[in-house]
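Written below as structure tokens is the structure these notes are about.
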Amino acid sequence: MAIMVNAIDHIVINVADVARSAEWYRRILGMEVRVFDPGPGKTPRTSLHFGNQKINVRPRDADTVEWFTADHIAAGSDDLCFLTASAPEAVVAHLK
């Protein structure tokens with residue numbers, strides 16, 4: 001069975017300075033900056049909202065346990081997070 005991607009859920013960008021980067025996106029591109037709680041014991045996260053889209057702003061030196069996709073710790077790198085109706089196991093099997 002083929003996997004069908006329905007949409008981009010969000011993008012994660014790595015930055016050297018979260019506050020400075022978020023302020024640039026707010027001031028220059030008019031995005032709304034939101035800080036949210038990812039759960040007990042975790043560091044608050046910053047996201048940028050515009051229309052129905054969201055960009056999460058990850059510090060370049062993020063904890064790789066808390067940000068499990070942060071294995072390429074360079075400012076300017078990013079993650080794309082897609083939405084699909086397929087079960088996670090089906091996606092993994094398809095990619096293998």
Side-chain angles (χ1 to χ4, degrees):
M1 172 186 214
I3 300 300
M4 298 295 294
V5 170
N6 300 327
I8 293 176
D9 182 63
H10 65 279
I11 296 170
V12 181
I13 58 172
N14 290 305
V15 299
D17 185 322
V18 171
R20 183 175 177 199
S21 297
E23 175 58 16
W24 186 90
Y25 280 93
R26 184 198 65 75
R27 186 171 47 84
I28 303 300
L29 299 180
M31 294 183 183
E32 178 187 354
V33 177
R34 296 183 194 168
V35 177
F36 63 99
D37 183 357
K42 294 185 178 181
T43 306
R45 295 186 181 186
T46 299
S47 60
L48 308 165
H49 296 257
F50 56 102
N52 293 324
Q53 308 303 309
K54 177 173 79 167
I55 299 172
N56 288 341
V57 184
R58 177 174 51 213
R60 160 181 71 207
D61 57 352
D63 180 299
T64 56
V65 173
E66 225 175 280
W67 289 86
F68 65 89
T69 60
D71 60 349
H72 293 85
I73 53 172
S77 62
D78 58 10
D79 298 338
L80 299 173
C81 302
F82 297 106
L83 294 175
T84 179
S86 302
E89 299 80 14
V91 173
V92 170
H94 177 75
L95 293 173
K96 285 182 178 181

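- Side-chain contact, R58 with N14: a donor N or O sits under 3.5 Å from an acceptor N or O.
- Using a 4.5 Å cut-off between side-chain heavy atoms of Ile, Leu, Val, Met, Phe, Trp and Tyr, with links allowed through other members, L80 and F50 fall into the same hydrophobic cluster.
- Between I3 and S86, the closest heavy-atom pair is CD1-OG, 3.4 Å.
- Under the 4.5 Å side-chain contact rule for hydrophobic residues, I55 and L83 do not share a cluster.
- Residues V15 and Y25 form no side-chain contact, since every pair of their non-hydrogen atoms from C-beta on lies 4.5 Å or further apart.
- Taking the side chain as every heavy atom from C-beta outward, H10 and V12 approach each other to under 4.5 Å.
- Atom CZ of R20 has 12 or fewer neighbouring heavy atoms from other residues, nucleotides or ligands inside a 6.0 Å radius.
- Taking all atoms of both residues into account, the shortest heavy-atom contact from N56 to S47 is OD1-CB, 3.4 Å.
- In terms of heavy-atom proximity, P44 sits nearest to P38 at CA-CD, 3.9 Å.
- Hydrophobic clustering, with ILVMFWY side chains joined whenever heavy atoms are under 4.5 angstrom apart, groups V33 together with L29.
- Separation of atoms CD1 (I13) and OG1 (T46) is listed at 10.5 Å; rounding is to 0.5 Å.
- Closest approach of L48 to M31, counting heavy atoms only: CB-SD, 3.9 Å.
- Hydrophobic clustering (ILVMFWY, side-chain heavy atoms < 4.5 Å, transitive): V57 and I8 are in one cluster.
- Note that the CD atom of E32 and the CZ atom of R26 stand 11.0 Å from one another [nearest 0.5 Å].
- Counting only heavy atoms from C-beta outward, the side chains of F82 and N6 never approach each other to under 4.5 Å.
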